[in-house]
Every structure is written in C-alpha cells, then in structure tokens.
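Have a look at the structure below before the remarks.
For the single chain, residues carry numbers from 1 onward in sequence order. These figures come from a predicted structure and were not determined experimentally. FYI, side chains are in, hydrogens and waters are out, and symmetry mates aren't considered; it's all heavy atoms of this structure.
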Amino acid sequence: MTDELPGGTITFLFTDIEGSTRLVKRLGGDYKLLLAEHHDLFRALFVEHAGREVDTQGDAFFVVFRRAKDAIATALAAQRAVAAHSWPQHVDLRVRMGMHTGEPARAAERYIGLGVHRAARICSVAHGGQILLSHATYAVLADEMLPDLRFRDLGEHTLKDLDRPERLYQLVVPDLPSDFPPLRGTGATVPDEAAASAGERVVVADDSVLLREGLVRLLHDAGFAVVGTAANADELLQKVAELRPSIAITDIRMPPTQTDEGLIAAHEIRRLYPEMSVLVLSQYIEPGYATRLLEEYPERMGYLLKDRVSDIAVLADAIRRIHRGECVIDPTIVSQLMSRRRRGGAVAALTDDERELLALVAEGHSNESIAERFGADPDGVEEDVKGLFAKLEIDTAPNDVRRALAVLASMRS
C-alpha cells in the first residue's frame with residue numbers, strides 16, 4: 001500500500017454493517033469484539049486484493065481499487081468470510097456493499113466528485129449480504145469476460161441527491177443468498193412528510209463520506225427529513241441558503257485547513273438565519289470550542305462529540321432540544337470541566353446530587369427536563385438551581401441557555 005491515493009480509473013467499494021444500532025443494544029460490550037473481528041477480516045482481504053483503505057467510520061469502510069475485478073473479488077471474499085465466521089453471541093452478521101467505477105479528482109488524502117457519492121448511495125440502498133454495482137462497474141467487468149461471475153440486472157433507480165437514475169446490478173453466486181427485498185429508499189427523493197411538517201428538515205455537512213452517509217441514514221430512521229448534504233463549509237452555506245432547513249449539522253474540522261471551518265460556518269448560519277438551529281460535531285474534546293460556540297449565539301446551538309451520534313436516542317434528543325430553542329453541550333465536555341474544578345474551590349464541596357444538577361444545567365437542560373429526570377417538580381428544581389448558583393457565587397441568568405453559559409464560564413475560570 002502506497003501513501004498516495006491511486007488515480008486514473010478506479011473502483012470505489014463501500015461496505016456497512018446492517019442494523020448496527022440494533023446490534024449495539026443486543027451485544028453490549030461484545031459489540032466492540034465483533035467490530036474488531038469484522039475489521040481484521042476485511043482489512044486482510046483489502047491487502048490481499050490490492051485495495052487502498054481511504055476511510056473507516058465505526059462499522060463502515062471506504063476502499064478503492066485500481067482494477068474493478070479486484071474490487072468484486074474483495075466484496076465476494078468478504079461476504080463469504082462474514083457467512084463463515086463465528087460471531088459473538090452467534091449473531092447473524094450481514095454487511096451491505098456497493099461499488100462504482102470512475103475517474104475522480106483528488107484533494108490531499110481524499111477523493112472528491114459525484115463518483116464517490118454515487119458509490120456511497122449505491123451501498124446505502126443495498127440489503128445486508130447484498131453486493132450492488134453501478135452500470136460503469138458492470139461494464140468494466142463485462143469487458144474483462146470473467147466467466148465465474150453472474151449479475152442480475154435490477155433496472156434503473158433514482159438515488160438520493162443524484163440527478164440521473166443509475167442502472168444497478170447485483171452479484172449472484174450459488175453459495176451466497178441472492179434473493180433480497182426491493183432496494184432500500186430508491187425512487188424519487190421526497191422528504192419524510194411527518195418530519196417536514198414538524199419543521200425538522202436537516203442539512204448534514206461532513207467531509208468524511210462514510211460519516212456523512214451514516215448520519216443521514218440514522219436521521220432518516222429516526223424520522224427526520226434530510227434535505228441536503230455537504231462536504232465542506234462553503235457547500236454547507238450554499239445548501240442552507242438554497243434549502244432553508246430548520247437544522248444544520250456540521251463537523252467542526254473541514255477542508256481546506258481542517259481546523260475550525262465548521263465552527264465559523266455555524267456562527268455565519270446563526271447570524272444570517274436567527275431562526276435556524278445548528279448542531280456542531282467534533283471528534284475531539286475541546287471545551288474552548290464549546291464555549292466559543294455559545295458565547296455569541298447561545299440559543300439553538302449544540303455541541304456533541306462524534307462518538308455520541310451513534311446513539312440515535314441521544315442524537316434525536318439533542319436535535320429536538322436545539323429545535324425548541326435550547327442549547328446542548330456534550331456531557332463529556334462538562335465532565336472534563338468539572339473534574340478540573342473538583343481539585344479545589346466551591347465545586348469540590350458540592351454533594352454528588354448537587355454536582356449532577358450542575359452538570360445538567362451546564363449541558364443546557366431546562367428545569368422541566370431536569371425535573372423529568374429526577375421525578376421532581378419544576379418549581380422545586382428552579383429553587384435548587386438558585387441555591388446552587390448562590391453557593392457557587394454565579395449570577396442568575398434570564399433563561400436556561402444563558403445560565404448554562406454562565407456555569408461553563410465559571411468552570412473555565
């Protein structure tokens with residue numbers, strides 16, 4: 001494997017575990033073992049067939065091959081390996097796969113262009129155990145006259161956010177399942193009516209196509225209408241201006257500098273569209289970014305770590321809280337700030353219940369939300385918060401968002 005990404009005509013292969021959220025809930029700690037075994041199996045096959053791993057996010061892979069026949073050989077070997085492997089707790093693991101062949105542009109250590117999106121979309125409509133190909137990949141393989149391979153023509157399908165329909169093919173081999181339900185989510189791109197009517201229209205921005213597509217799938221399954229996606233901050237601002245979503249979700253670090261482009265875009269969105277909500281995602285624990293995010297536009301803002309988004313309940317709760325006008329700060333950020341303050345001062349003298357209450361306030365929870373967690377009366381929670389603020393010598397704030405910002409500021413001082 002060389003450091004430079006291969007150029008010219010290449011074949012993209014995307015893979016993704018079907019029902020991963022369900023598996024996490026079922027397996028608990030054993031899911032990490034399953035994921036490690038899955039990664040080891042697939043990576044050995046990538047090396048064996050001269051594949052270059054471009055990206056991995058959770059249970060998904062993005063790999064490229066100089067030859068289409070190496071890509072199809074890898075996909076076939078991987079499906080056979082999945083079927084033959086003994087997985088933790090006897091799980092019937094199923095992996096969806098999709099591929100497309102083209103000549104993409106390169107930028108640093110990533111590919112750009114519609115070809116990448118096309119391959120990712122093809123994977124997203126497959127079922128677990130299914131291998132799908134674009135017409136371009138099928139044509140290359142047909143030209144190479146591979147006698148052991150047979151393909152089923154599935155006809156033309158409209159893939160989300162792509163203008164022209166794509167004729168799709170399925171690899172069929174005797175020793176693997178070949179009969180699957182209709183492809184997932186193909187046809188006209190129509191936002192979910194219930195989500196759209198509720199105002200929960202979302203645009204997602206992340207330069208990692210794997211994470212972006214995975215997030216889109218999670219949001220769709222949770223009932224949100226994802227109306228657009230973007231791979232960089234400029235594209236995000238363009239999509240927001242065109243589509244006017246109610247919520248924008250963006251990574252902090254995006255091209256070209258991979259520093260704070262997403263954060264700057266978040267502030268710009270809130271400045272231009274005060275009614276719009278923004279959720280910022282980060283791979284790193286950066287308390288400074290969290291407080292910087294809220295200082296100028298605290299309402300309808302949120303900051304979550306990317307590790308948190310795989311839990312759809314947490315992600316959906318954060319989005320809906322922000323949509324209601326609240327702010328959301330990742331509990332890990334709050335925990336880190338509180339651990340610094342426990343070494344001395346007023347925070348160190350708090351009881352466990354008081355520290356839990358302080359953390360919930362810092363995360364942006366309202367009195368009603370806290371009362372629901374504790375099974376208490378909201379008026380009683382309000383009095384407890386006032387007493388806590390007095391003990392910590394924090395000035396009371398006019399609303400839930402401002403008081404969260406006040407707590408965060410006190411923790412950092």
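Counting only heavy atoms from C-beta outward, the side chains of Tyr31 and Asp59 approach each other to under 4.5 Å. Taking the side chain as every heavy atom from C-beta outward, Leu281 and Leu215 approach each other to under 4.5 Å. Between Arg43 and Glu48 there is no side-chain heavy-atom pair separated by less than 4.5 Å. At least one side-chain heavy atom of Leu358 sits less than 4.5 Å from a side-chain heavy atom of Leu388. With contacts defined as side-chain heavy-atom distances shorter than 4.5 Å, the pair Arg324/Arg320 qualifies. Side-chain contact between Val227 and Val202 is absent, with no heavy atoms from C-beta onward closer than 4.5 Å. Using a 4.5 Å heavy-atom cutoff, the side chains of Tyr273 and Arg244 are in contact. At least one side-chain heavy atom of Leu315 sits under 4.5 Å from a side-chain heavy atom of Leu219.
Looking at every heavy atom in both residues, Ala230 comes nearest to Leu236 through CB-N, 3.5 Å. The shortest non-hydrogen separation linking Val209 to Ala120 is CG2-CB, 3.9 Å. In terms of heavy-atom proximity, Leu45 sits nearest to Ala81 at CD1-CB, 4.4 Å. For Arg110 against Asp207, the heavy-atom pair with the smallest separation is NH2-O, 3.8 Å. Across all their heavy atoms, Met301 and Ala266 have their closest contact at CE-O, 3.8 Å. His100 and Ala119 make their closest contact through CB-CB, 3.8 Å (heavy atoms, listed as atom of the first residue, atom of the second, distance).
Remark: Glu242 does not engage Lys239 in a salt bridge, criterion side-chain N to carboxylate O under 4.0 Å. Here Arg167 pairs with Asp153 in a salt bridge; the nearest charged N to carboxylate O distance falls below 4.0 Å. For the pair Glu261 and Arg253, the salt-bridge criterion is not met [side-chain N within less than 4.0 Å of a carboxylate O]. Salt-bridge formation is not detected for the pair Arg300/Glu326: no Lys NZ or Arg NE/NH1/NH2 atom is positioned less than 4.0 Å from an Asp or Glu carboxylate oxygen. With salt bridges taken as basic N to acidic carboxylate O contacts below 4.0 Å, one links Asp251 and Lys306.
To the nearest 0.5 angstrom, Cys123 atom SG is 5.5 Å from Asp16 atom CG. Rounding to the nearest 0.5 Å places NE2 of His365 at 9.5 Å from SG of Cys327. Separating the CG atom in Leu279 from the CD1 atom in Ile322 is a distance of 4.5 Å, to the nearest 0.5 Å. In this structure, the separation between OG1 on Thr74 and CD on Gln79 is 12.0 Å, given to the nearest 0.5 Å. Atom CE of Met97 sits about 12.0 Å away from atom CD of Glu18, to the nearest 0.5 Å. Residue Glu275 holds its CD atom at 13.5 Å from CD of Glu299, rounded to the nearest 0.5 Å.
Checked options Phe42, Tyr111, Phe61, Phe62; the residue passing with Phe14 is Phe62 (criterion: ring-ring contact (aromatic ring centres under 6.0 Å, His included)). For the pairing with Leu171, the side chain to side chain contact (heavy atoms under 4.5 Å, CB included) check across Ile72, Leu132, Leu176 returns one residue only, Ile72.
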| Yes or no on side-chain hydrogen bond (donor to acceptor under 3.5 Å, both in side chains) for Glu37 and His85, after CA distance, side-chain angles and deciding distance? | CA-CA 9 Å; Glu37 293 176 4; His85 190 74; 2.9 Å; yes
| task | Could you walk me through whether His117 and Arg212 pass the side-chain hydrogen bond (donor to acceptor under 3.5 Å, both in side chains) test, one step at a time? | result | CA-CA 10 Å; His117 296 277; Arg212 189 169 64 246; 3.3 Å; yes
| request: Go through the steps to decide whether Arg152 and Asp179 satisfy the test side-chain contact (heavy atoms from CB on, under 4.5 Å), and finish with yes or no. | output: CA-CA 10 Å; Arg152 180 177 297 163; Asp179 294 324; 3.6 Å; yes
| For Val54 and Leu5, what are the C-alpha separation, side-chain angles and deciding distance, and is it a side-chain contact (heavy atoms from CB on, under 4.5 Å)? | CA-CA 8 Å; Val54 179; Leu5 293 175; 4.2 Å; yes
| query | Would Arg121 and Glu213 count as a salt bridge (Lys or Arg N to Asp or Glu O under 4.0 Å) if you check the C-alpha gap in whole Å, the side-chain angles of each, and the deciding distance to 0.1 Å? | reply | CA-CA 8 Å; Arg121 292 291 193 231; Glu213 294 298 323; 2.2 Å; yes
| request: Take Val64 and Leu13 through the test side-chain contact (heavy atoms from CB on, under 4.5 Å) and record every step on the way to the result. | output: CA-CA 6 Å; Val64 296; Leu13 170 65; over 6 Å; no
| field | Worked check of side-chain contact (heavy atoms from CB on, under 4.5 Å) between Ile17 and Leu93 | value | CA-CA 7 Å; Ile17 292 178; Leu93 188 70; 3.6 Å; yes
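Looking only at distances, no side-chain donor or acceptor of Asp260 sits under 3.5 Å from a matching main-chain atom of Leu263. Between the side chain of His127 and the main chain of Pro181, a donor-acceptor pair closer than 3.5 Å is present. Using modelled atom types, no side-chain atom of Arg96 and backbone atom of Ile122 make a donor-acceptor pair closer than 3.5 Å. Checked by atom type and distance alone, the side chain of Arg26 pairs as donor or acceptor with a backbone atom of Gln89 at under 3.5 Å. Of the possible donor and acceptor atoms, none in the side chain of Gln238 sits under 3.5 Å from a partner among the backbone N and O of Asp234. Counting only distance, with no hydrogens or angles, the side chain of Ser246 and the backbone of Arg201 share a donor-acceptor pair below 3.5 Å. In this structure, Glu268 contributes its side chain and Ala265 its backbone to no donor-acceptor pair below 3.5 Å.
Side-chain contact annotation: Thr332 with Asp330, donor-acceptor N/O pair under 3.5 Å present. Judged by distance alone, the side chains of Arg184 and His220 never bring a donor and an acceptor atom under 3.5 Å apart. Inspection of the Glu166 and His135 side chains reveals no N or O donor paired with an N or O acceptor under 3.5 Å. Side chain to side chain, Thr11 and Thr137 fail the donor-acceptor criterion of an N or O pair below 3.5 Å.
Between Phe65 and Phe46, the two ring planes are perpendicular [angle over 60°; tilted spans 30° to 60°].
Counted within 6.0 Å of CZ on Arg94, heavy atoms from surrounding residues, nucleotides or ligands total 12 or fewer; the atom is thus considered open.
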